[in-house]
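What follows is a single structure, written as structure tokens, with notes after it.
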Amino acid sequence: MVKLFIGNIPPEVTPAELKTLFEQYGKVTECDIITNYGFVHMEEKKAADEAVANLNKYKLHDVCINVEYSRGKPKASTKLHVSSISTDCTSDELREKFEQYGTVLECDIVKDFAFVHMEQADEALEAIRNLNNHEFKGEIRMG
């Protein structure tokens with residue numbers, strides 16, 4: 001799996017549209033947009049290489065997007081979907097809440113939901129047991 005960073009994404013672009021754009025080059029396993037940037041996970045390195053070569057500076061809705069390899073170290077993780085996030089909750093606050101149960105590799109809030117990537121599956125399960133339907137700056141639900 002190869003994680004790509006996509007910068008300068010126009011506000012009208014949806015994750016489905018971005019995924020379709022990248023699927024021209026290979027299988028996309030995950031696609032997330034956070035405000036004006038996002039991440040696309042591609043299954044194979046060759047496909048990611050082609051996507052970077054062809055889509056960096058590509059005009060999407062009349063805006064040139066930036067496509068490059070994500071600089072973060074790829075690690076196996078357990079991804080949690082957290083819903084019903086309050087608008088006044090920050091990524092740092094949510095990360096801190098989940099870090100009570102283990103190492104958080106990534107924490108991204110998207111509108112009223114978030115993705116929290118935890119390093120260990122057993123730590124993620126512990127977080128689910130303790131935080132599911134828990135009140136924290138709005139209700140937390142995981143799925």
Side-chain angles (χ1 to χ4, degrees), residues 1-121 123-128 131-143:
M1 194 260 321
V2 180
K3 184 176 180 181
L4 300 176
F5 170 82
I6 319 305
N8 206 32
I9 299 174
E12 61 271 23
V13 174
T14 65
E17 181 181 8
L18 194 63
K19 182 177 181 181
T20 299
L21 180 64
F22 280 79
E23 282 180 331
Q24 298 174 75
Y25 303 99
K27 184 172 180 182
V28 173
T29 58
E30 190 175 332
C31 181
D32 301 309
I33 296 177
I34 300 101
T35 320
N36 66 338
Y37 69 94
F39 298 96
V40 172
H41 299 244
M42 300 195 74
E43 194 168 85
E44 296 185 15
K45 183 166 181 359
K46 182 179 178 191
D49 290 342
E50 288 181 31
V52 170
N54 290 292
L55 296 176
N56 190 37
K57 305 299 180 200
Y58 177 85
K59 273 198 168 183
L60 187 60
H61 296 275
D62 295 321
V63 176
C64 287
I65 60 172
N66 300 318
V67 179
E68 59 190 59
Y69 295 97
S70 178
R71 294 189 183 105
K73 293 181 181 176
K75 289 186 177 181
S77 66
T78 299
K79 179 180 176 182
L80 301 175
H81 178 267
V82 184
S83 60
S84 302
I85 302 290
S86 170
T87 54
D88 66 340
C89 183
T90 67
S91 288
D92 289 338
E93 290 170 328
L94 189 62
R95 175 185 290 270
E96 187 176 308
K97 191 69 174 172
F98 277 81
E99 282 179 340
Q100 295 174 20
Y101 304 97
T103 303
V104 174
L105 300 174
E106 208 175 316
C107 180
D108 300 310
I109 295 178
V110 184
K111 297 184 183 178
D112 65 343
F113 64 93
F115 295 106
V116 177
H117 298 255
M118 297 193 70
E119 189 172 48
Q120 302 291 325
E123 294 171 347
L125 287 172
E126 188 66 17
I128 291 169
L131 296 177
N132 199 27
N133 294 319
H134 177 78
E135 181 82 23
F136 174 70
K137 294 195 165 232
E139 189 174 12
I140 293 178
R141 294 186 192 276
M142 285 175 261

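Basis for what follows: all heavy atoms, side chains included, without hydrogens, waters or symmetry-related copies.
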Dump the intermediate steps for side-chain contact (heavy atoms from CB on, under 4.5 Å) on Tyr25 and Asn54, then the final yes or no. CA-CA 9 Å; Tyr25 303 99; Asn54 290 292; 3.2 Å; yes

Test log, rule side chain to side chain donor-acceptor pair (under 3.5 Å), inputs Asp88 and Ser86: CA-CA 5 Å; Asp88 66 340; Ser86 170; 2.3 Å; yes

Is there a side-chain contact (heavy atoms from CB on, under 4.5 Å) between Cys64 and Lys59 once you walk through the steps? CA-CA 4 Å; Cys64 287; Lys59 273 198 168 183; 3.8 Å; yes

Check against ring pair (Phe, Tyr, Trp, His ring centres under 6.0 Å), Phe5 and Phe39: CA-CA 5 Å; Phe5 170 82; Phe39 298 96; 5.8 Å; yes

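Looking only at side-chain heavy atoms (C-beta outward), Cys89 and Glu93 come within less than 4.5 Å of each other. A heavy-atom distance below 4.5 Å is found between the side chains of Glu30 and Lys79. Using a 4.5 Å cut-off on side-chain heavy atoms (C-beta onward), Ile65 and Pro10 make contact. In this structure, the side chains of His81 and Phe115 come closer than 4.5 Å at one or more pairs of heavy atoms.
Residues meeting the side chain to side chain contact (heavy atoms under 4.5 Å, CB included) test with Glu17, sequence neighbours left out: Val13, Thr14, Leu60, His61.
The shortest heavy-atom contact between Ala47 and Gly26 is CB-CA, 3.7 Å. Taking each heavy atom of Ala48 and Val2 in turn, the nearest pair found is CB-CG1, 3.7 Å. The nearest pair of heavy atoms linking Tyr101 to Glu126 is CD2-CG, 3.8 Å. Contact detail for Phe113 and Ser83: the closest heavy-atom pair is CB-CA, 4.0 Å. Residues Ala51 and Val67 come closest through the heavy atom pair O-CG1, 4.3 Å. When all heavy atoms of Lys97 and Leu131 are compared, the pair lying nearest together is CE-CD2, 3.8 Å.
Interatomic distance, Cys31 SG to Met42 CE, rounded to the nearest 0.5 Å: 10.0 Å. The structure places CG of Asp32 at 8.0 Å from CD of Glu106, a figure rounded to the nearest 0.5 Å. Between Met118 atom CE and Glu99 atom CD the span is 8.0 Å, to the nearest 0.5 Å. To the nearest 0.5 Å, atom NZ of residue Lys111 and atom OG1 of residue Thr87 are 13.5 Å apart. Considering CG of Asp108 and CD1 of Ile33, their distance stands at 12.5 Å, rounded to 0.5 Å. For the atom pair Arg71 CZ and Tyr69 OH, the distance stands at 12.5 Å (nearest 0.5 Å).
Distance alone, capped at 3.5 Å, places no donor-acceptor pair between the Asn8 side chain and the Asn66 backbone. Panel note: side chain Thr29, backbone His41; a donor-acceptor pair is recorded below 3.5 Å. Between the Gln24 side chain and the Leu21 main chain, a donor and an acceptor come within less than 3.5 Å of each other.
Glu96 CD: 12 or fewer foreign heavy atoms inside a 6.0 Å radius.
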